[in-house]
Amino acid sequence: MSGRAAGLAPLIGATAGLIVWALHFGAIYLANAIACGRGLAGHRLFGQPIIPVLILAATALALLLLLGIGMRARRRPRVRDGAGVRHFLARLTLATTLLAALAVTWEGAAVLLVGPCG
Amino acid sequence: MSGPSAGPLPNPLPRPDGELAALERAWEGPRGWRFPTEVNNAWIGVLYLGTALLFFVLAGLLALLMRVQLSVAGNDLIGHDLYNQLFTTHGTVMMFLFAVPAMEAMGVYLLPAMLAARDLPFPRLSAFAYWAYAIGGLVFFSSIFYGAAPDGGWFMNPPLTSKQYSPGVNADFWLLGIGFIEISAIAGAIEIIIGILRNRAPGMTLARMPIFAWAMLVFAGMIVFAFPAVIWGTILLELERAFDWPFFRAERGGDPLLWQHLFWFFGHPEVYIIFLPAAGMVSMILPTMVRARLLGYGLVAMALVGTGFLSFGLWVHHMYATGIPPLSLSFFSAASFAVAVPTGIQVFAWIGTIALGRPRAEVPMLFILGFLFIFVLGGLTGVMVAVVPFDWQAHDTHFIVAHLHYVLIGGMVFPLIAALYYWAPLPAGRPLSKRLGTTAFWLLFLGINLTFFPMHISGLMGMPRRIYTYPAGMGLDLWNQLSTAGAVIAAAGIAVIVWDLIRNFRVTNHAGVNPDGAGTLEWLPQGSYAARSIPRVSSLEPLWDDPALPEQVRQGQHFLPGTATGRRETLVTSPLEAEPQYVAIIPGPGWAHVIAAIGTAGFFLSLTVELVWLAAAFGAVAVAAMLHWLWTGTDLGPIRDQVDIGGGLRLPVYVTGREAVGQWAMAVLLIVDGVIFACLAFTHGYLWLVGGDAAWPPAGTALPDPAAPALAAVLVAASGGAMRLAEPLLRRGHSGLMILAVLAALVLLLLGLGADLLALWRAGLRPTAHSFGAAIYANQFWQGLHAAAATVMTLYLVARIGAGLIDPVRRLTFDNVRLFWSYTAVQALAGMALTHLFPRGLWA
Amino acid sequence: MRPAALLALPLAACSGQQSALAPMGPEAAGIAGLSWLLIIGGAAIFLLTMLLLLLAFRGGARLRRRLGSRGAILAGGAVLPTLLLSALLIHTLGLADALGGRSADPLRIEVTGRQFWWEVRYPDHDVVTANEIHIPVGRPVELLLTSTDVLHSLWIPALHGKRDMIPGHLNRLRFTADRPGVMRGQCAEFCGAQHTRMALFAVATTEAGFATWIERQRTAVPAPEDPLLAQGRRAFASAGCGACHALRGTEWSGRNGPDLTRIGARLSLAAGTLPNHRDALRAWIADPQAIKPASAMPGFGAVLAPADLQALAAWLGSLR
């Protein structure tokens, strides 16, 4: 009974990319809200305005993680189990990761176009 | 992996005498006045959908009244008072009493058949949710007849809905209506998630699951993460209204925007909660209509999952005009763009499926085409309003009224009507009228477009939402007259459908027809027990791949062709690969859930009209009924040895631990609980952020010395330890000691929580003075609810132990209490950390 | 005149436009341009999608095979939207940023939402008025928006999009009018019983005209010499109107209702509910609840004698 012990982890794993998206989204929203709410937007980090630096760093980190998840998922499909469910989940992982990467890129890029606190 | 016909079938013919009769006896439904005792999801689903459609028609009539009022400038047919009640009730009923319940209804009705399960694992829970919803919903709706309907908009923004500006009972009726839908939505989500993950036919892996099941899985998952925000929001609003705790009152450190964040964190995903099941239904109906397999199954599943996630990054796009920092707005604008991509993928998957097949001009096909037209248009205006500067103009105008109706009617009502015509033969045994359906389609298609397209124009020309009249000469007259004319035409379309249902729809739930030649399992021959036997599945459209299957299933040649225990049962399989794990015994008809529902409805209603003692009585009745149903119907223990379901498979009828569906239900419930607690923590942090370091806590606020909460934390931790200690005692069969350990755990928990509360009170902190105190006592309130639940559970557990119903094997009740306990202890510790260390600990 | 007849007067005919597509300043013009881009682009994509749907039915076998491929799903559903939306995102975020831009020395106007009217203050000129915003053409304006009761939202589409007025928050809205004219605006966030009748007017004039208007507002209300007007002033005093309304240079400084210093010169009464003339004024004072039910203004038809009512309306109307 190969499938018995598996539990739900592989299904949740297939949404890993989207979970990274959610964490990134929450982090940059919170960072900007706190920076604007507490008047920290004028601060500098490494000589650059703090908000763009933080957001771009978070975006780069998220994209790196997504790249890792995507690469792992691309390697997986070769391992075919009986019912093909892991193969399917690997493809699902890849597709959701691509979508997450698009969303992360768009959201992170906004910092290059829009001033933080208005 | 063998196909259904490849090897010998699991159960040989002829079937033993009496096997079918025993199965029919187990599943026989109650007759006559006992009908409300039925719990079978096939019946509950039909009732659920019928009630939801009733609310749809009623709320539609309210809309018609509004359109009549707006048909000419300066009209004084309907006054401001009634009009404000009309649009509030229309929106609330459509969203909460029609759309979400209708989708849950489709889920609980279709999923068992589609997954070839006898039923979902918790039919009584569904039945309870239905009755609570039906009773509460009807009472809520009737408030419009005596002028007590809510009038603050379906989003109920405070401070307009605070006691000062809405002193009447109207706003409380809104909170009441929402309370019911919160209960029934969470109950439905638990049923649907676990049903989909654990009740699929053997071999129906996640890769072969009908796409509707994917959609419903995402739907239910979204409910688990979205509804807690509105549950918490409504708790705060009711606490503010009833006890003057100023969460939303700026003059006492509160913030009206807190409500908007909580409401829209629920409210935006809500739109997709409604849309995704509809998209799933389209992906089921379309392949049958064009006789081609769904193109891009994996991509569509990805689109559903992706939309489910991304829709949680859109809530601020209802708040572009509130003055949130521009960069924050851009994140939401970008996320709103991103969610367009999975929707585009689905649209092109449908177009591609049509291109591959040979479309037939059936009624469901017409409604799907209407859906594509209206929904694509609404989706594009959705991209428009995701653009921040455009939304600054369009927001809260009739442009938005147009957009949201295009999306919801196109994206949800049209697919639902398609589904009605497509699946009607399942419960009724024969199709609805093609002639009437076609007439209805054209009336609705023309009517809806004529109603809502002109609103794009009137909105941009300066017509705000929620106004009961407008002056002549603003150029709005023509567009409003067109809208009203369209509304009348659309109403005629709905009338035709109602007429068709009255004439041609009689529920039998004994269907054996497959008029459109569909390929999925719900079209297997069905009895009250669903499919006679449960096939092993090896493709997405088993009926297309194996034409002999229906007959084999009907004759009982596949798994579990009868009842193994003489009771109602359903087969439980593993979540990924759907390998059979055990045969779960599920409840049959009974009164307990009906009484519990009446008690619940009575409880909330009495609270609304401030009859506290009556509320307490109803609450006691509800709890007693629930305990009765738990006592008699759950944790039955291994009443049989392993049973043979055919094909050499012998399965237990009772399992505990990670495989038990009961544990899964508790786990899902605790996730809901955890998300509510996250909303609680968000409330705390948000008020701190808005209030500013100097004013939150306000000057002069004294928090207790850390020693008191430290002691409280030790007591709570000890309580968790005592419950852990009970486990080895159970394994060794020491019932008496176990009772002691469990009671000690309860006492320690109550002492710990009580010590914390007492310390706060004695330090002089009060909930009404400032939002700081309000937030801290809201935390206490939430912990108090858990203490009450823990008390009931503990006493129940002790009674079960005392009655000898808990032993080292039969221990599901204990496991669930222990799981709840671990959560409650951790949550209590987290709550104390929040109260005493934040923001105090930030600078200390 | 009966209230219903008053309401039927074509109010908007004497007032400005309230259309987002008829901008009177660069901010609204920028959004209107964006709107047309979105409308035309959206229509094009809609027509393209419907064409593809039609081709899925009626197209040739080869075309249908091509539509019915995973490549088509990815091209039409993922690649094309990604490219189009990327371009749109860059364009619109840039525009949003430009619309929020600061100018060095704007004309500051504080607007406070009340149930169901607008209090307007010019802090740098010491001027208080209601339901009307006067601005000079060409000078950048910064509105400082808040509310003292429930949520409201200020929306003058010819000048800019809407911005919410929230108790405890101060929101800013910056715009410029680039030609003279009268523009109508309206509350856009549902604010209770008479949300419908909460409009205001923005009047853009030349710098000279604006200076004259400001000076007028700052001038104290003189004691009337005409006996009818004097009778009206006495009626104002005897009915206790000053408890809620202020008049500059008088003993009345109530803050619950609109400042009435130059009420006679305003374009409308009761926040855009009635056109401003003597009959309307009298009808409003006599029975406001018939005209705008749930307004905070009580009726004085039973308190004041008809002649006093007439005189009061005449006096207030003379405050121009």
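Note that the structure is a prediction, hence the values are computed from the model and not measured. As a basis for the values below, the full set of heavy atoms in this structure was taken, side chains included, without hydrogen atoms, waters or symmetry mates. So that the names make sense, note that chain A is the first sequence line, chain B the second, and so on, each numbered from 1.
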Aromatic ring proximity B:Phe373/C:Phe46, centre distance under 6.0 Å: yes
Between [X] and chain B, which part of the residue has a heavy atom less than 4.5 Å away: side chain, backbone, both or neither?
X: C:Ala72; value: backbone
X: C:Ser147; value: neither
X: C:Asn171; value: side chain
X: C:Leu85; value: both

Trace of the side-chain contact (heavy atoms from CB on, under 4.5 Å) decision for C:Arg184 with B:Met474: CA-CA 10 Å; C:Arg184 192 175 190 271; B:Met474 281 176 68; 3.6 Å; yes
Trace of the side-chain hydrogen bond (donor to acceptor under 3.5 Å, both in side chains) decision for C:His195 with B:Asn84: CA-CA 10 Å; C:His195 167 61; B:Asn84 294 346; over 6 Å; no
side-chain contact (heavy atoms from CB on, under 4.5 Å) partner of B:Ile467, the single match among C:Arg197, C:Gln186, C:Met198: C:Gln186
Counting only non-hydrogen atoms closer than 4.5 Å, does [X] touch chain C with its backbone (N, CA, C, O), its side chain (CB onward), both, or neither?
X: B:Ser330; value: both
X: B:Val341; value: both
X: B:Pro342; value: neither
X: B:Ala386; value: neither

Residue from B:Tyr165, B:Phe87, B:Tyr83, B:Trp154 passing ring pair (Phe, Tyr, Trp, His ring centres under 6.0 Å) with C:Phe190: B:Phe87
Exercise: do B:Gln164 and C:Asp149 side chains pair donor with acceptor under 3.5 Å: no
